[in-house]
Amino acid sequence: MSFLLLKVRRPCLSSLSTLFLRRLSTALPHVYGDKYETSSSSSSFIHPTSIVHPNAIIGQGVSVGPFCTIGSAAKLGDGCLLYPSSHIFGNTELGDHCILMTGAVVGDDLPGQTVFGCNNIIGHHAVVGVKCQDMKYKSGDECFVDVGNNNEFREHVSIHRSSKSGDRTVIGDNNLIMGSCHIAHDCKIGNYNIFANNTLLAGHVVVEDYTHTAGAIVIHQFCHIGSHSFIGGGSVVSQDVPKYSMVAGERAVLRGLNLEGLRRRGFNVTEIKSLRTAYRKIFMPVDAHAVGFEERLTEVEQDEELGHIPAVCSMLQSIRDSFAENRRGICRFRQWSGS
């Protein structure tokens with residue numbers, strides 16, 4: 001029996017692909033601190049396999065990889081970089097030096113707008129600015145997403161537009177949203193927050209600044225998460241989390257203050273000591289039945305020392321706000337959950 005031997009040559013890249021790879025390699029982001037820089041060239045490059053509407057506005061130094069889509073109402077700032085198979089739809093604006101990784105989808109061909117600031121990274125197969133999953137949404141309503149600067153949305157993150165005209169989903173600055181997180185319609189996210197993988201926010205959730213969530217948590221709609229707080233892994237948060245506190249549990253309960261987070265953010269010894277004293281007076285009284293919760297709050301507010309510490313006043317106000325009209329109250333607490 002005889003065999004026919006075939007010599008197979010290695011396929012060569014076309015001249016267009018070679019050109020693209022060369023240009024893309026010079027445009028890939030290099031990280032210097034918190035800044036992302038792309039090619040300094042003022043000319044833009046669009047791969048011939050991509051579909052870019054002639055009415056789209058493309059800034060200087062933009063690199064568009066293969067098989068991308070850019071719609072008619074899109075506006076791209078200078079130095080933006082689109083990796084292969086990333087897409088921009090609808091009335092969408094990208095600030096300077098934004099990056100869309102492979103498979104990312106930004107915007108939607110619906111009334112409304114999606115707006116990004118500068119230096120944002122939209123990760124692999126992340127989806128930002130699409131129609132909400134709210135049954136109250138009415139077809140034809142203008143809905144919005146506003147994103148600030150220096151945010152990183154990792155792979156498979158989903159962020160939805162607002163559910164009705166006149167409202168908007170808002171993401172602030174310098175947030176890290178890790179893989180597979182979901183931020184639903186009408187959420188308001190502040191600055192410098194870290195959401196670990198599979199953090200799920202229902203509609204109308206408010207998250208302030210410098211919060212940190214562990215993985216696989218769920219936050220009920222309309223809850224407020226106070227600044228400098230921490231949510232333990234696997235928690236279900238169905239009520240507000242006061243400022244500076246730490247919650248955990250299948251039904252999240254207060255576990256004390258987020259002491260490590262406060263130290264990292266530069267709170268001094270006096271502030272932390274005062275917060276611990278105030279927390280114990282409010283949530284860990286010697287006799288919980290002797291004085292009611294409202295009386296304990298008032299006692300701390302009128303304390304000659306604690307009442308004049310700004311951090312303590314801020315925590316007290318955060319607690320009181322949670323019991324305002326249409327709010328959900330604070331997470332349950334137990335006497336043994338000390339700081």
Side-chain angles (χ1 to χ4, degrees), residues 29 31 34-36 80-81 83 86-88 92-95 97-108 114-133 144-162 168-221 223-237 241 258 261 264-265:
V31 181
D34 293 329
K35 297 181 179 179
Y36 296 87
C80 287
L81 174 61
Y83 277 74
S86 55
H87 308 281
I88 302 175
T92 297
E93 294 185 11
L94 296 183
H97 304 293
C98 287
I99 299 172
L100 271 65
M101 304 302 292
T102 298
V105 177
V106 174
D108 204 339
T114 300
V115 178
F116 284 81
C118 301
N119 300 312
N120 293 291
I121 301 176
I122 300 92
H124 298 85
H125 303 283
V127 179
V128 181
V130 297
K131 176 184 173 182
C132 67
Q133 298 173 152
F144 303 88
V145 167
D146 287 347
V147 178
N149 305 310
N150 305 309
N151 297 287
E152 183 170 5
F153 308 106
R154 292 300 301 267
E155 53 275 11
H156 300 284
V157 164
S158 58
I159 301 175
H160 291 173
R161 290 191 188 187
S162 58
R168 57 192 62 231
T169 302
V170 178
I171 312 293
D173 302 328
N174 301 289
N175 297 289
L176 171 59
I177 313 299
M178 298 186 192
S180 301
C181 291
H182 174 64
I183 299 175
H185 60 89
D186 304 295
C187 285
K188 305 292 188 293
I189 310 301
N191 309 311
Y192 295 99
N193 297 291
I194 300 175
F195 295 169
N197 300 65
N198 293 292
T199 292
L200 308 178
L201 276 60
H204 302 279
V205 168
V206 176
V207 180
E208 297 180 359
D209 304 327
Y210 296 103
T211 68
H212 192 168
T213 74
I217 74 159
V218 179
I219 301 180
H220 193 281
Q221 60 186 4
C223 284
H224 287 231
I225 310 301
S227 298
H228 303 279
S229 59
F230 178 85
I231 302 176
S235 300
V236 176
V237 180
V241 177
N258 180 22
R264 290 179 179 180
R265 294 310 316 160

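Using bins of under 30°, 30° to 60° and over 60° for the plane-to-plane angle, the ring pair Phe153/Phe116 lands in the perpendicular bin. The aromatic rings of His182 and His160 sit perpendicular, their planes meeting at an angle over 60°, well past the 30° parallel limit. Using the six-membered ring where Trp is involved, Tyr210 and Tyr192 have ring planes that are parallel, under 30° apart on the 30 and 60° scheme.
Asn197 contributes no side-chain N or O that, together with a main-chain N or O of Ala216, makes up a donor-acceptor pair within less than 3.5 Å. Although no hydrogens or angles enter the test, the distance criterion places no donor-acceptor pair under 3.5 Å between the side chain of Lys188 and the main chain of Gly172. A donor-acceptor distance shorter than 3.5 angstrom exists from the side chain of Ser162 to the backbone of Phe144, with no hydrogens or angles considered.
To the nearest 0.5 angstrom, Asp173 atom CG is 8.5 Å from Asn120 atom CG. Between Asn174 atom CG and Ile194 atom CD1 the span is 11.0 Å, to the nearest 0.5 Å. To the nearest 0.5 Å, atoms CD1 (Ile121) and CD1 (Ile177) are separated by 13.0 Å. Distance check: Arg161 CZ to Asp146 CG gives 11.0 Å after rounding to the nearest 0.5 Å.
A side chain to side chain donor-acceptor pair (under 3.5 Å) with Asn175 holds for exactly one of Asn191, Asn150, Asn151, Asp209; it is Asn151.
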Should Asn258 and Ser229 be marked as a side chain to side chain donor-acceptor pair (under 3.5 Å) after you check the CA-CA gap, both sets of side-chain angles, and the distance that decides it?
CA-CA 6 Å; Asn258 180 22; Ser229 59; over 6 Å; no
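Under the 6.0 Å cut-off for aromatic ring centres, His185 and His204 qualify, their centroids lying closer than that.
The number of heavy atoms from other shown groups lying within 6.0 Å of NZ (Lys131) does not exceed 12.
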